[in-house]
Undergrad: 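Have a look at this one before I ask anything.
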Number of protein chains: 2
Amino acid sequence: MPEPTVPSVWARQRRAREQPALSQDRIVSEAVRLLDAEGVEALSMRALGARLGAGATSLYRHVANKDELIELVVDEVYGEMLVRDADDPVGWRTSVAECAHSLRAMVLRHPWVASVFGQVGLAQLGPNLMARSERLLALFRAAGFPPGEADQAMSTLIAYVVGMTTSEAAYLSLLARSGQTEQEWADSVRSTAEQAVRDHPRLRDEYAARRGDDPAKLRDDNFTYGLDRVLDGLAARVSG
Amino acid sequence: MPEPTVPSVWARQRRAREQPALSQDRIVSEAVRLLDAEGVEALSMRALGARLGAGATSLYRHVANKDELIELVVDEVYGEMLVRDADDPVGWRTSVAECAHSLRAMVLRHPWVASVFGQVGLAQLGPNLMARSERLLALFRAAGFPPGEADQAMSTLIAYVVGMTTSEAAYLSLLARSGQTEQEWADSVRSTAEQAVRDHPRLRDEYAARRGDDPAKLRDDNFTYGLDRVLDGLAARVSG
DNA sequence: GTCCCGCTGCGTACAGTGTGCGCAAGACGA
DNA sequence: TCGTCTTGCGCACACTGTACGCAGCGGGAC
């Protein structure tokens with residue numbers, strides 16, 4: 001254990017040669033394409049190398065190992081998360097809500113992030129995530145949270161978004177594996193639910209309220225509902 | 001290491017005859033022990049079989065494949081999650097808070113669950129999880145949430161807990177991999193933070209509020225803070 | 001009794017994984 | 001012209017999940 005401090009992947013010196021066929025950037029962005037196209041279980045060093053017209057072990061000149069590659073790839077997509085400036089006149093609540101929605105949209109665009117959240121988590125901060133959480137933290141500070149509380153508020157918000165989108169992505173990938181469309185699955189669930197309503201009539205109202213809606217819209221509403229509750233709870237600390 | 005003597009054919013036949021040496025229950029509970037002891041990357045069919053005194057492929061008589069084993073194992077630990085009865089006199093808010101804390105405690109006891117959340121998610125309901133979410137939903141119904149809203153409120157709560165504990169578990173496993181104790185890591189972070197404070201004096205209050213505390217307590221406080229905010233936001237829908 | 005069929009466990013085998021190691025070929029400073 | 005450094009490559013190794021077929025057993029049918 002020569003280096004007890006967390007090895008900074010990010011501090012590795014950039015290759016200053018001309019332009020080699022392989023580079024960390026090319027590897028990472030091609031990995032994102034592979035993951036988007038074929039999912040997380042299709043990411044192997046050999047497959048990725050083949051896509052780049054290179055052998056598997058050639059990648060190890062630019063990436064320490066597969067875990068580091070995954071960290072880099074995750075930070076890459078964090079770049080799609082948008083955070084307003086703290087002095088934007090729209091106010092902190094809408095800024096934070098927008099940020100939450102853009103984080104969710106990122107995860108739904110790249111559902112494989114959800115399946116590696118537990119491995120990399122938010123502890124390993126790449127430059128993209130670091131910059132964005134800095135800006136997000138600034139939003140909470142500008143909102144007027146007490147000194148030690150802004151980062152707690154931020155991690156509350158992030159925890160909600162991560163938890164909800166992880167569940168969504170897992171559910172969608174389960175759907176994809178089962179080969180059904182979302183609507184078919186909703187129909188099958190509804191039929192068993194209606195059976196349950198026949199047995200327990202007191203459940204009627206609950207299911208009646210949601211029957212027959214577009215499942216994607218239901219997911220959107222569900223996310224927005226929880227987000228509003230979280231923001232309500234946070235706003236009470238600063239305005240009340 | 002496991003058995004210095006060569007197992008005699010007789011002994012093997014005896015064991016096979018009496019009652020099945022392997023069963024799904026034995027496999028699942030031994031898998032939990034293995035995961036707790038050595039982490040998720042140590043779970044292989046061969047290693048698990050060896051712990052049970054069996055060959056790797058023997059497990060496939062009781063478990064379809066590794067993915068199914070993981071689903072079973074995850075549902076097994078969901079059994080440690082406690083949910084009060086809906087008619088318990090302590091009230092819905094404390095009941096829900098207790099449930100959230102017990103879910104978090106479960107994940108921290110079995111940190112490997114966090115790294116498979118993204119794969120199994122909450123969509124694949126095993127019997128344990130199903131029973132518990134039914135009881136939790138009853139808590140929200142009893143709290144007086146409007147018909148279609150109780151399950152949204154529940155998924156909000158669960159999303160927060162899952163997101164927060166997933167991050168915690170990932171952070172702790174990163175720590176474990178780096179071979180440091182939590183206190184050492186906190187110290188190293190503090191030193192860089194103090195450097196940042198020297199550069200940007202306006203950050204002083206933020207870090208001063210948390211300097212030198214027990215990191216485990218900080219994590220507890222952080223979780224409880226966010227939980228309170230989420231519950232505040234939810235309670236406003238039912239009491240206000 | 002005898003026969004057969006189920007269930008259970010085991011060993012072999014195969015395709016696929018991450019990655020350590022050593023070699024070759026080109027580029028660059030001396 | 002020499003090292004030396006960087007980049008890519010092929011081989012090899014240990015390890016993974018798991019398909020498949022075989023062997024011994026218990027219990028029911030005759």
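Protein chains get the first letters and strands the later ones, always in sequence-line order, with residue 1 at the start of each. Since this is a predicted model, take the numbers as computed values, not measurements.
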Undergrad: Rounding to 10°, can you tell me the angle the first-five-pair axis of the helix from C:dG1-D:dC30 to C:dA30-D:dT1 makes with its last-five-pair axis?
TA: 10°

Undergrad: What distance separates A:D220 CG from A:L227 CG, expressed to the nearest 0.5 Å?
TA: 12.0 Å

Undergrad: Per the salt bridge (Lys or Arg N to Asp or Glu O under 4.0 Å) rule, what does the pair list look like for residues 47-59 of chain A, sequence neighbours excluded?
TA: A:E30-A:R51, A:E38-A:R51

Undergrad: Find the distance B:L59:CG to C:dG9:P and express it as a whole number of Å.
TA: 9 Å

Undergrad: Quick one: side-chain hydrogen bond (donor to acceptor under 3.5 Å, both in side chains) partners of B:Q24, sequence neighbours excluded?
TA: none

Undergrad: Taking only heavy atoms on the protein side, list every residue of residues 69-77 of chain B lying under 4.0 Å from any atom of DNA chain C, sorted numerically.
TA: none

Undergrad: Rounded at 0.5 Å granularity, tell me how far OG1 in B:T57 sits from CG in B:L59.
TA: 7.5 Å

Undergrad: Evaluate the side-chain proximity of B:R219 to B:L172: yes if any heavy-atom separation is below 4.5 Å, no if none is.
TA: yes

Undergrad: B:I27 CD1 to D:dT18 P: how many Å, rounded?
TA: 13 Å

Undergrad: Which pairs pass salt bridge (Lys or Arg N to Asp or Glu O under 4.0 Å) with one or both residues in residues 69-78 of chain B, sequence neighbours excluded?
TA: none

Undergrad: When you measure from every atom of DNA chain D, which of residues 36-44 of chain A have a heavy atom less than 4.0 Å away?
TA: none

Undergrad: Mind checking side-chain hydrogen bond (donor to acceptor under 3.5 Å, both in side chains) for A:R135 and listing every partner two or more places apart, or none if nothing turns up?
TA: A:D85

Undergrad: Find the distance A:R61:CZ to D:dT7:P and express it as a whole number of Å.
TA: 9 Å

Undergrad: Once side-chain hydrogen bond (donor to acceptor under 3.5 Å, both in side chains) is applied, do any residues pair with B:E68, and if so which ones, sequence neighbours excluded?
TA: none

Undergrad: For A:E80, give me all partners under salt bridge (charged side-chain N to carboxylate O under 4.0 Å, His left out), at least two apart in sequence or on another chain.
TA: A:R109

Undergrad: Could you tell me the separation between the CE atom of A:M45 and the P atom of C:dT17, rounded to a whole number of Å?
TA: 12 Å

Undergrad: Roughly, in whole Å, what's the span from NZ in B:K66 to P in C:dG16?
TA: 18 Å

Undergrad: Could you tell me whether the side chain of B:E182 reaches within less than 4.5 Å of the side chain of B:Y171, counting heavy atoms only?
TA: yes

Undergrad: Going by atom type alone, with no hydrogens or angles, which donor-acceptor pairs under 3.5 Å involve a side-chain atom of residues 40-50 of chain A and a protein atom two or more places apart or on another chain?
TA:
unit_1	atom_1	unit_2	atom_2	d
A:S44	OG	A:A47	N	3.0

Undergrad: Rounded to the nearest 0.5 Å, how far does CG of A:N128 lie from OH of A:Y78?
TA: 10.5 Å

Undergrad: Got a sec? Which of residues 47-57 of chain A come in under 4.0 Å of DNA chain C, heavy atoms?
TA: A:T57

Undergrad: Under 4.0 Å from OP1 or OP2 of C:dG9: is there any side-chain N or O of B:H62 that close?
TA: yes

Undergrad: Hey, what's the ring geometry for B:H101 with B:F223, parallel, tilted or perpendicular (30° and 60° as the breaks)?
TA: perpendicular

Undergrad: For C:dG16, does the base pair up with any side-chain atom of A:R46 as donor and acceptor (N or O, under 3.5 Å, distance only)?
TA: no

Undergrad: B:E68 has an atom CD; how far is it from atom C1' of D:dT18, in whole Å?
TA: 14 Å

Undergrad: Provide, to the nearest angstrom, the distance between the OH atom belonging to B:Y60 and the C1' atom belonging to D:dT18.
TA: 5 Å

Undergrad: For A:S155, give me all partners under side-chain hydrogen bond (donor to acceptor under 3.5 Å, both in side chains), at least two apart in sequence or on another chain.
TA: B:N222

